[in-house]
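Taking it in order: structure first as structure tokens, then the write-up.
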Amino acid sequence: MNKKNMQTVLDTLKEMFPDAYCELDHANAFELTIAVLLSAQCTDKKVNEVTADLFQKYKTPDDYIAVPLEELEQDIKRIGLYRNKAKNIKALSQLLIEQYNGEIPPVHEELVKLPGVGRKTANVVMSNAFDYPAIAVDTHVERVSKRLGICKWKDSVLQVEQTLMKKVPKEEWTMTHHRLIFFGRYHCKAQNPQCEICPLLELCREGKKRMKVKVS
DNA sequence: CTCCCGATAT
DNA sequence: ATATCAGGAG
């Protein structure tokens with residue numbers, strides 16, 4: 001995508017979602033890390049329902065270590081992928097205590113060493129908890145970037161991230177990341193994207209293709 | 001690449 | 001019935 005169209009995308013997203021933000025409820029970096037870990041292949045809404053009780057019951061890494069695995073599994077069962085997630089939360093808590101004084105390290109390279117924390121989760125924690133510029137590429141960011149033609153269809157999530165970092169000014173990385181998610185979640189949805197009323201239709205390769213299929 | 005996985009939308 | 005949801009590990 002050329003510079004002019006990219007600027008149009010950024011301006012339009014800003015108009016559509018001026019105050020996009022992290023929709024995962026959390027009070028600190030530790031809770032945010034747990035929430036993002038739980039959010040894999042699950043809606044934010046569902047995660048928030050579960051963490052409302054979870055964060056009342058568990059406050060520190062020690063609390064997660066103290067509980068039997070089976071009990072923690074039941075506490076998060078409604079999220080899905082719950083066995084892996086419960087195991088990761090306990091291992092992550094253990095590692096935090098052993099190597100990080102029980103605190104979430106504000107360093108990307110350290111975060112990805114934590115069980116259940118990959119590049120995307122680390123980026124979310126860095127940007128939302130530690131105010132560090134980052135673009136986390138989740139399912140929405142990837143889908144939207146590819147549909148609009150910001151990046152190639154066959155790009156990996158890492159390539160998508162690198163392309164976005166190159167095309168977006170660094171000071172706008174975090175906000176743009178949130179706007180791309182809102183755009184993907186509420187407008188350019190996986191099923192039933194709102195192409196008919198999309199202000200970006202003129203520059204959207206996929207959107208124009210979809211509209212053609214509809215009229216014919 | 002496959003597996004993990006319940007809940008919700010379509 | 002099937003697709004999708006703020007992915008990560010083996």
Side-chain angles (χ1 to χ4, degrees), chain A residues 13 17 19-26 29-55 69-70 72-96 104 108-130 132-147 154-161 164 173-196 206 210 214:
Chain A
L13 287 176
F17 308 104
D19 48 8
Y21 61 97
C22 177
E23 294 193 292
L24 290 168
D25 296 337
H26 63 282
F30 182 58
E31 286 189 357
L32 177 61
T33 305
I34 301 293
V36 181
L37 187 156
L38 290 173
S39 72
Q41 299 293 289
C42 183
T43 58
D44 279 20
K45 193 177 164 195
K46 210 62 190 172
V47 173
N48 288 336
E49 284 176 25
V50 168
T51 55
D53 294 329
L54 195 74
F55 293 161
L69 178 60
E70 296 73 24
L72 181 56
E73 284 180 350
Q74 289 308 310
D75 288 335
I76 67 170
K77 193 168 174 55
R78 290 183 300 153
I79 295 260
L81 308 181
Y82 64 95
R83 279 190 286 254
N84 284 336
K85 289 173 181 175
K87 198 190 323 162
N88 283 333
I89 289 172
K90 284 182 76 70
L92 173 152
S93 298
Q94 186 75 38
L95 193 62
L96 282 181
I104 298 293
H108 184 96
E109 294 75 32
E110 303 298 328
L111 286 172
V112 294
K113 292 179 185 172
L114 301 173
V117 176
R119 184 176 183 84
K120 178 249 162 181
T121 300
N123 279 339
V124 172
V125 173
M126 286 305 294
S127 60
N128 287 297
F130 302 121
Y132 186 90
I135 298 180
V137 178
D138 70 340
T139 181
H140 298 299
V141 176
E142 179 179 10
R143 181 183 65 251
V144 166
S145 299
K146 290 182 176 180
R147 278 184 181 166
K154 293 193 269 190
D155 281 352
S156 65
V157 288
L158 182 58
Q159 288 172 313
V160 175
E161 181 184 332
L164 286 169
W173 284 359
T174 299
M175 201 54 193
T176 299
H177 151 74
H178 283 129
R179 286 178 180 144
L180 285 169
I181 289 189
F182 270 57
F183 183 66
R185 184 177 291 162
Y186 302 116
H187 186 91
C188 189
K189 298 178 287 187
Q191 302 172 284
N192 269 338
Q194 309 290 97
C195 300
E196 299 87 344
E206 186 64 16
R210 281 171 180 271
K214 260 198 167 173

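These figures come from a predicted structure and were not determined experimentally. Residue numbers start from 1 in every chain, and the chains themselves are labelled A, B, ... in the order their sequence lines are given, proteins ahead of strands.
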* Could Lys113(A) and Glu109(A) be called an ion pair, given the rule that one side-chain N must be under 4.0 Å from one carboxylate O? -> no
* Asked: On a whole-Å scale, what distance lies between the C1' atoms belonging to dC5(B) and dA3(C)?
  -> 14 Å
* Structure fact -> Per nearest nucleotide of DNA chain B, the residue lying toward the 5' end, Cys42(A) or Lys189(A), is Cys42(A)
* Grab the NZ-P distance between Lys87(A) and dA9(C) for me, whole Å please. => 11 Å
* **Integer angstrom distance from the C1' of dC5(C) to that of dC4(B)** => 14 Å
* Counting only side-chain N and O atoms of Lys46(A), is one of them less than 4.0 Å from OP1 or OP2 of dT8(B)? -> yes
* Asked: The side chain of His140(A) lies closest to which of these nucleotides: dT8(B), dG7(C), dA6(C)?
  -> dA6(C)
* To do: Please determine, for the side chain of Tyr82(A), which listed nucleotide (dC5(C), dG6(B), dA6(C)) has the closest atom?
  => dG6(B)
* Thr121(A) side chain near dG8(C) phosphate (N/O to OP1/OP2, under 4.0 Å) -> yes
* Structure fact -> Atom CZ of Phe183(A) and atom C1' of dA6(C) are separated, to the nearest Å, by 17 Å
* To do: Would you classify Val117(A) as touching base, sugar-phosphate or nothing, given that sugar-phosphate means primed atoms plus P, OP1 and OP2, and contacts are heavy atoms under 4.0 Å?
  => sugar-phosphate
* Which of the following nucleotides, dA6(C), dT4(C), dG7(C), is nearest to the side chain of His177(A)? -> dA6(C)
* First of Pro115(A) and Arg143(A) reached from the 5' end of DNA chain C, by closest nucleotide -> Arg143(A)
* Please determine if a side-chain N or O atom of Thr43(A) lies less than 4.0 Å away from the OP1 or OP2 oxygen of dT8(B). => no
* Structure fact -> Testing dC5(C), dT10(B), dA6(C) for proximity to the side chain of Gln41(A), the answer is dC5(C)
* Taking CG from Asp44(A) and C1' from dG6(B), how many angstroms apart are they, rounded to a whole number? -> 16 Å
* Would you check, one step at a time, whether the test side chain to side chain contact (heavy atoms under 4.5 Å, CB included) holds for Ser39(A) with Lys120(A)? => CA-CA 11 Å; Ser39(A) 72; Lys120(A) 178 249 162 181; 3.9 Å; yes
* To do: Have a look at Leu114(A) and say if it touches a base, only the backbone sugar-phosphate, or nothing, with a 4.0 Å heavy-atom cut-off.
  => sugar-phosphate
* Across the strands shown, which category fits Arg83(A) at heavy-atom distances under 4.0 angstrom: base, sugar-phosphate, nothing? -> sugar-phosphate
* Asked: Does the pair Lys45(A)/Glu23(A) count as a salt bridge with the N-to-O cut at 4.0 Å?
  -> no
* Proximal nucleotide (of dT10(B), dC4(B), dA6(C)) relative to the Ser39(A) side chain -> dA6(C)
* Is Gln159(A) reaching over with its side chain to a backbone N or O of Ser156(A), donor-acceptor style, under 3.5 angstrom? -> yes
* Asked: Quick one: does His187(A)'s side chain have a donor or acceptor within less than 3.5 Å of a partner on Arg185(A)'s backbone?
  -> no
* On DNA chain B, check which nucleotide each of Lys85(A) and Lys45(A) is closest to and give me the residue with the more 5' one. => Lys85(A)
* To do: Measure from CD1 on Ile76(A) to C1' on dG6(B) and round the result to the nearest Å.
  => 11 Å
* Once you round it to whole Å, what is the distance between P of dG6(B) and NZ of Lys77(A)? -> 6 Å
* Any donor-acceptor pair under 3.5 Å from Ser127(A) side chain to Val124(A) backbone -> yes
* Nearest-Å distance for atom pair CG/C1', residues Leu38(A) and dC5(C) -> 14 Å
* Give the rounded distance in Å between these two atoms: CZ of Arg119(A) and C1' of dA6(C). => 16 Å
* Arg185(A) side chain N/O closer than 4.0 Å to the phosphate oxygens (OP1, OP2) of dA6(C)? -> yes
* Charged N-O contact under 4.0 Å between Lys77(A) and Glu73(A) -> no
* Asked: Between atom CD in Gln74(A) and atom P in dC5(B), what is the gap in whole Å?
  -> 12 Å
* To do: Under 4.0 Å between any heavy atoms, over every strand shown, what does Leu24(A) touch: base, sugar-phosphate, or nothing? Just pick one.
  => base
* Quote, to the nearest angstrom, the P distance that separates dA6(C) from dT10(B). => 13 Å
